[in-house]
2 protein chains.
Amino acid sequence: MAKEKSTEDKIINAARKVFIAKGMDGTRMQEIADVAGINKALLHYYYRTKTKLFERVFTHAFKEVFVVLERAVSNEMDFERFLEKFISQYIKLLKSKSYIPQFVIHELNRNPDLIVKQLQDKSFIKEKLFQLVDQAIEDKVIRPVPPVHLITNILALCIFPFVARPIITGFAMDGDKKKFKTYIDERPEQVIAFVKHAVLINQKEEA
Amino acid sequence: MAKEKSTEDKIINAARKVFIAKGMDGTRMQEIADVAGINKALLHYYYRTKTKLFERVFTHAFKEVFVVLERAVSNEMDFERFLEKFISQYIKLLKSKSYIPQFVIHELNRNPDLIVKQLQDKSFIKEKLFQLVDQAIEDKVIRPVPPVHLITNILALCIFPFVARPIITGFAMDGDKKKFKTYIDERPEQVIAFVKHAVLINQKEEA
DNA sequence: ATATAATTTAATCAAATGGTTAAATCGGAC
DNA sequence: GTCCGATTTAACCATTTGATTAAATTATAT
């Protein structure tokens with residue numbers, strides 16, 4: 001609808017689209033210009049180098065998938081509610097930004113130094129997360145599972161389907177994209193139940 | 001140690017190394033030649049185009065991570081043993097081929113058509129896997145969880161740490177690679193326990 | 001030794017690509 | 001109107017890269 005985007009916005013949006021689809025190496029500045037509806041000269045007029053443009057896009061993408069963690073740990077609630085909220089919100093985010101995880105993961109593997117710039121001042125999130133799990137164990141709400149394993153397990157269950165989408169669609173859904181959508185819609189409920197059964201100690205009464 | 005590799009082997013090994021490290025787009029034929037210890041002319045003498053060489057490497061890499069699935073479903077055993085064997089063997093494989101998952105996933109996202117060539121004649125694996133889960137549900141060995149979710153959950157727990165390695169190392173291990181190795185060594189036990197608690201119905205007595 | 005295949009050397013090509021430049025044009029602010 | 005930044009056009013440059021070729025050299029098998 002709205003076309004009132006500034007040229008800078010058009011460039012950033014186009015760059016994100018192309019970089020996410022093709023990666024840093026596979027992206028051509030000309031294609032970004034085409035997608036943005038401008039020409040290459042103007043593109044370089046705004047962003048002198050491909051590298052600068054890429055880093056801007058990457059940083060933004062990284063923050064988008066990381067900010068949910070930030071928000072999750074800041075809310076106070078019991079562990080079971082935390083699990084529910086975190087998983088459902090995270091998958092909901094990924095549904096609307098489904099290509100970001102693969103993009104971020106690929107570029108971090110390509111150039112691991114990028115992670116250093118991104119993780120500055122994020123250590124408090126880690127501490128809060130680990131503390132949350134430790135507390136739940138101490139309170140005997142969950143089994144004594146090493147926090148790093150539980151946290152990576154949850155992230156794996158949320159994120160993996162989006163990075164492995166072509167495989168899942170091809171292998172288990174016969175290439176039917178509609179089935180994949182259904183599968184993703186079922187995910188929050190399935191993942192929450194899976195994790196709860198895996199770690200919660202008191203799962204007596206449930207709907 | 002053995003240096004008795006044929007030139008063709010040297011090329012394939014070099015190509016795999018470079019393609020896996022830098023992806024199709026990031027790979028230069030000259031670098032493959034350098035790593036193989038030959039020159040570019042000879043490289044093209046064996047493999048006329050980059051695309052052909054890439055497809056050969058990719059197909060091989062894909063099969064390596066897929067063949068475990070194949071072997072797993074062909075063995076007859078009770079579901080609990082199947083879980084144990086499958087998870088421990090899969091993680092063991094990934095430990096020695098840790099860069100393959102990210103490679104395969106990235107290239108499949110880049111060019112989803114590749115998956116079609118790879119999944120030919122693999123439908124029996126899918127059917128066997130689903131049937132295995134269905135049977136376990138019917139026998140009341142596990143909770144009634146949709147097979148596609150259980151299967152992707154298990155794969156997620158096994159594979160994700162390897163594709164997200166830089167993030168996990170950077171975020172939860174302060175960049176300490178040794179800690180990551182320890183973490184990976186703990187994975188089989190942790191994942192098996194996690195999945196068992198998540199789905200097994202009779203988990204009365206355990207070590 | 002000699003024919004055949006493997007390998008090197010070195011040069012070359014065409015195309016793609018990131019980046020630059022200069023001049024022209026357009027559009028809005030004053 | 002005029003001034004100034006935004007934008008276009010179009011050409012250009014240097015470099016990289018995939019790929020090819022011809023000729024020379026080496027290794028190998030017969």
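Sequence lines set the chain letters: A, B, ... in the order given, protein chains first and strands last, and positions in each chain run from 1.
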B:L43 CG - C:dT9 P separation (whole Å): 15 Å
Integer-rounded Å distance: C:dA10 P and B:Q30 CD: 13 Å
B:F79 and B:F82 aromatic ring geometry - parallel, tilted or perpendicular at 30°/60° bounds: tilted
Short N-O contact, B:R56 and B:E8, less than 4.0 angstrom: yes
Sugar-phosphate only, base, or nothing, as touched by A:T27 at under 4.0 Å among non-hydrogen atoms: sugar-phosphate
Gap between atoms CZ and P, on A:R48 and C:dG18 respectively (whole Å): 17 Å
Nearest-Å distance for atom pair NZ/C1', residues B:K10 and C:dA6: 11 Å
Basic-acidic side-chain contact under 4.0 Å: B:D34, B:R28: no
First encountered from the 5' end of DNA chain C, between A:D25 and A:A41: A:D25
Can you give me every donor-acceptor pair (side chain of residues 147-173 of chain B, partner residue at least two apart or in another chain, under 3.5 Å) with its distance?
residue : atom : partner : partner atom : Å
B:H149  : ND1  : A:R187  : NE           : 3.4
B:H149  : NE2  : A:E186  : OE1          : 2.7
B:T152  : OG1  : A:Y183  : OH           : 2.8
B:T152  : OG1  : A:R187  : NH2          : 3.4
B:T152  : OG1  : B:V148  : O            : 2.7
B:T152  : OG1  : B:H149  : O            : 3.1
B:N153  : OD1  : A:R187  : NH1          : 3.2
B:N153  : OD1  : A:R187  : NH2          : 2.3
B:N153  : ND2  : B:H149  : O            : 3.3
B:R165  : NH2  : B:S98   : OG           : 3.4
B:R165  : NH2  : B:Y99   : OH           : 3.0
B:T169  : OG1  : B:R165  : O            : 2.8

Ring-ring centroid check B:F19 B:F58, cutoff 6.0 Å: no
Parallel, tilted or perpendicular: ring planes of B:F103 versus B:F54, cut at 30 and 60 degrees: perpendicular
Minimum-distance nucleotide to B:Y46 side chain [options: C:dA6, C:dG19, C:dT17]: C:dA6
Validation row: B:E84, B:E80 side chains within 4.5 angstrom (heavy atoms): yes
Rounded distance in Å - OH (A:Y45) to P (C:dA22): 15 Å
Start and end of chain A contact along DNA chain D [non-hydrogen atoms, under 4.0 Å]: D:dA6 to D:dA10
Pair of N/O donor and acceptor under 3.5 Å linking C:dG19 base with A:K50 side chain: no
Whole-Å distance separating the CG atom of B:N39 from the P atom of C:dA11: 14 Å
N/O (side chain, A:H44) to phosphate O (OP1/OP2, C:dT20) under 4.0 Å: no
Interatomic distance where CD1 belongs to A:I38 and C1' belongs to C:dC26 [whole Å]: 16 Å
